[in-house]
Amino acid sequence: MKLIQSIQRAFEIIDCFNEDNEELKLNDISKMLNLNINTTRGIVNTLVYFSYLEHDQEKNVYKLGYIFLPKSKLLKSRNDDIFINNLESFLKEIANKYNVNSRFHKISENNIVKILSEEPDESRYFLYIRDSKELPLNATSSGKLILKYSGEDFLQNYLNNIPEEKVSENTITTKSKMIEELENIDKKGYSTEIDEVAIGISSVAVPIIKSGKLVATISATAPTKTIKENSDDIAQEIINFTKNIQ
């Protein structure tokens, strides 16, 4: 898939804004993306013009524009089972019960898009998780689910061209091992990622299937010891929660 660089950079700028970065100076955005300041200024000014960003002149910072509010309402009104009843409270319950970061991802065109994320209230640490679209499918628990439920042509092409570069020393990069992983998903009903993105950090992910198609995943990420000790219990709770929309 060929990307248009200027549009890609515009979306990357929008993605700079999150719970930890609600307001950013132009120089902050430039440094975060390693982007020339003049290029950054031009794209940011365009986003401001179309109300995707807002410029606070008094503080000289940028923030997300209000145009996202009506668009979010359009999403919530869609009948595609993405906004599941009680999802946010369920993610918080899982996060607190097992001391994990729990997330809900939408699967679109074999890409993983984070929709919701919850952290445990009493945790002594904060686990920052990089957006999964930056990682190869063979390295993440949700990515493995995409491979498992993808079409045969896509799967075989991926298996025959698995990225050789490892994200961590435990990243799976062989066809035979990945086939074994997909068979394990068949047996268990969920996928795992054990030290495959970062040593000491692991995750478990459960598929949400609609009309035979993978539409979303719910996952939990935590130190490896936590996932190894609780993966079956976490997965079963998520499976029970999602039964009403499977």
Side-chain angles (χ1 to χ4, degrees), residues 1-13 15-16 18 31-36 100-101 103-115 117 127-209 213-228 231 234-235:
M1 179 187 298
K2 183 178 180 180
L3 302 180
I4 299 174
Q5 189 178 59
S6 59
I7 297 176
Q8 178 183 349
R9 286 174 172 172
F11 283 117
E12 288 173 346
I13 287 173
D15 283 344
C16 286
N18 53 41
K31 288 180 178 178
M32 290 171 73
L33 297 177
N34 194 27
L35 195 60
N36 177 275
V100 299
N101 177 291
R103 288 163 293 147
F104 176 76
H105 289 110
K106 171 81 166 64
I107 305 301
S108 177
E109 299 295 327
N110 292 323
N111 289 315
I112 304 166
V113 182
K114 184 180 74 174
I115 303 297
S117 178
L127 184 61
Y128 175 76
I129 302 172
R130 188 168 62 178
D131 198 333
S132 297
K133 68 187 176 188
E134 301 175 8
L135 298 167
L137 299 180
N138 50 290
T140 70
S141 55
S142 289
K144 292 174 186 178
L145 292 177
I146 289 179
L147 294 175
K148 168 62 184 171
Y149 293 98
S150 64
E152 188 64 23
D153 289 344
F154 179 87
L155 174 59
Q156 290 305 319
N157 182 63
Y158 195 96
L159 290 176
N160 290 329
N161 298 278
I162 294 179
E164 295 181 1
E165 184 177 353
K166 289 177 174 283
V167 184
S168 84
E169 63 185 65
N170 287 342
T171 306
I172 297 173
T173 57
T174 65
K175 181 177 180 178
S176 58
K177 180 61 177 175
M178 185 52 60
I179 290 175
E180 184 181 328
E181 282 287 291
L182 300 180
E183 290 173 348
N184 284 335
I185 295 173
D186 248 344
K187 296 174 184 176
K188 298 185 295 187
Y190 65 89
S191 66
T192 56
E193 161 205 324
I194 307 298
D195 297 332
E196 293 165 59
V197 170
I199 300 300
I201 302 297
S202 298
S203 73
V204 54
V206 172
I208 297 178
I209 308 297
K213 181 181 178 181
L214 179 70
V215 297
T217 70
I218 295 179
S219 65
T221 303
T224 298
K225 183 175 185 293
T226 300
I227 294 299
K228 283 186 172 181
S231 60
I234 294 172

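Along the sequence shown, the residues carry numbers beginning at 1. The analysis underlying the following values was restricted to heavy atoms, covering all of them including side chains, and did not include hydrogens, waters or symmetry mates.
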K.L.:
Tell me, do Leu159 and Lys175 make a side-chain contact under 4.5 Å, heavy atoms counted?
P.N.:
yes

K.L.:
Do the charged groups of Glu180 and Lys177 touch, with an N to O distance under 4.0 Å?
P.N.:
yes

K.L.:
Lys228 vs Lys225, test: side-chain contact (heavy atoms from CB on, under 4.5 Å). Steps then yes/no.
P.N.:
CA-CA 5 Å; Lys228 283 186 172 181; Lys225 183 175 185 293; 6.0 Å; no

K.L.:
Could you pull out the closest heavy-atom pair between Leu147 and Leu155, with the gap in Å?
P.N.:
O-CD1, 3.6 Å

K.L.:
Is atom CZ of Phe11 surrounded by more than 12 heavy atoms (other residues, nucleotides or ligands) closer than 6.0 Å?
P.N.:
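Result for CZ/Phe11: open.
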
K.L.:
Within the side chain of Asn138, is there an N or O that forms a donor-acceptor pair under 3.5 Å with the backbone of Ile172?
P.N.:
yes

K.L.:
Between atom NZ of Lys187 and atom CG of Leu182, what is the distance when rounded to the nearest 0.5 Å?
P.N.:
12.0 Å

K.L.:
Okay, side chain of Ser202, backbone of Asp195: is any donor-acceptor separation there less than 3.5 Å?
P.N.:
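At least one qualifying donor-acceptor pair exists.
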
K.L.:
When rounded to the nearest 0.5 angstrom, what is the spacing between OG1 in Thr192 and CD1 in Ile234?
P.N.:
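Nearest 0.5 Å value for the OG1-CD1 distance: 11.5 Å.
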
K.L.:
Rounded to the nearest 0.5 Å, what's the gap from CD1 on Ile115 to CZ on Arg103? Could you check?
P.N.:
12.5 Å

K.L.:
Which heavy atom of Ala220 sits nearest a heavy atom of Ile227, and at what distance?
P.N.:
O-CD1, 3.7 Å

K.L.:
Would you say the side-chain atoms of Thr171 pair up with the backbone N or O of Glu196, donor to acceptor, closer than 3.5 Å?
P.N.:
yes

K.L.:
What residues form a side chain to side chain contact (heavy atoms under 4.5 Å, CB included) with Lys31, not counting sequence neighbours?
P.N.:
Asn27

K.L.:
Report the distance from atom CD1 of Ile194 to atom CD1 of Ile201, rounding to the nearest 0.5 Å.
P.N.:
11.0 Å

K.L.:
Just verifying a value: how many Å separate Leu145 CG and Tyr190 OH, rounded to the nearest 0.5 Å?
P.N.:
12.0 Å

K.L.:
Applying side chain to side chain contact (heavy atoms under 4.5 Å, CB included), can you list everything that pairs with Lys213, at least two apart in sequence or on another chain?
P.N.:
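Scan of Lys213 (side chain to side chain contact (heavy atoms under 4.5 Å, CB included), adjacent residues dropped) gives none.
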
K.L.:
What's the shortest heavy-atom distance between Gly143 and Ile112, and which atoms?
P.N.:
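In terms of heavy atoms, the two residues are closest at N-CD1, 3.7 Å.
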
K.L.:
What's the separation between atom CD in Glu164 and atom OG1 in Thr174, rounded to the nearest 0.5 Å?
P.N.:
11.5 Å

K.L.:
Take Glu181 and Glu193 through the side-chain contact (heavy atoms from CB on, under 4.5 Å) test and state the conclusion after the steps.
P.N.:
CA-CA 10 Å; Glu181 282 287 291; Glu193 161 205 324; over 6 Å; no

K.L.:
Do other residues, nucleotides or ligands put more than 12 heavy atoms under 6.0 Å from the NZ atom of Lys166?
P.N.:
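Yes, because the 6.0 Å sphere around NZ of Lys166 holds more than 12 heavy atoms from other groups.
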
K.L.:
For Val204 and Val100, what are the C-alpha separation, side-chain angles and deciding distance, and is it a side-chain contact (heavy atoms from CB on, under 4.5 Å)?
P.N.:
CA-CA 10 Å; Val204 54; Val100 299; over 6 Å; no

K.L.:
With a 6.0 Å cut-off (strictly less than), is the heavy-atom count around CD of Gln8, excluding the residue itself, greater than 12?
P.N.:
yes

K.L.:
Between Lys148 and Asp186 (side chain of the first, backbone of the second, donor and acceptor by atom type, cut-off under 3.5 Å), is there such a pair?
P.N.:
no

K.L.:
Main chain of Asn170, side chain of Ser168: is a donor-acceptor contact present, judged purely on distance under 3.5 Å?
P.N.:
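Judged by distance alone, yes, a pair lies under 3.5 Å.
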
K.L.:
When you look at Tyr158 and Asn110, which way does the side-chain contact (heavy atoms from CB on, under 4.5 Å) test go after all the steps?
P.N.:
CA-CA 12 Å; Tyr158 195 96; Asn110 292 323; over 6 Å; no

K.L.:
Side chains of Ser141 and Ser203: any donor to acceptor distance under 3.5 Å?
P.N.:
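There is such a pair between these side chains.
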
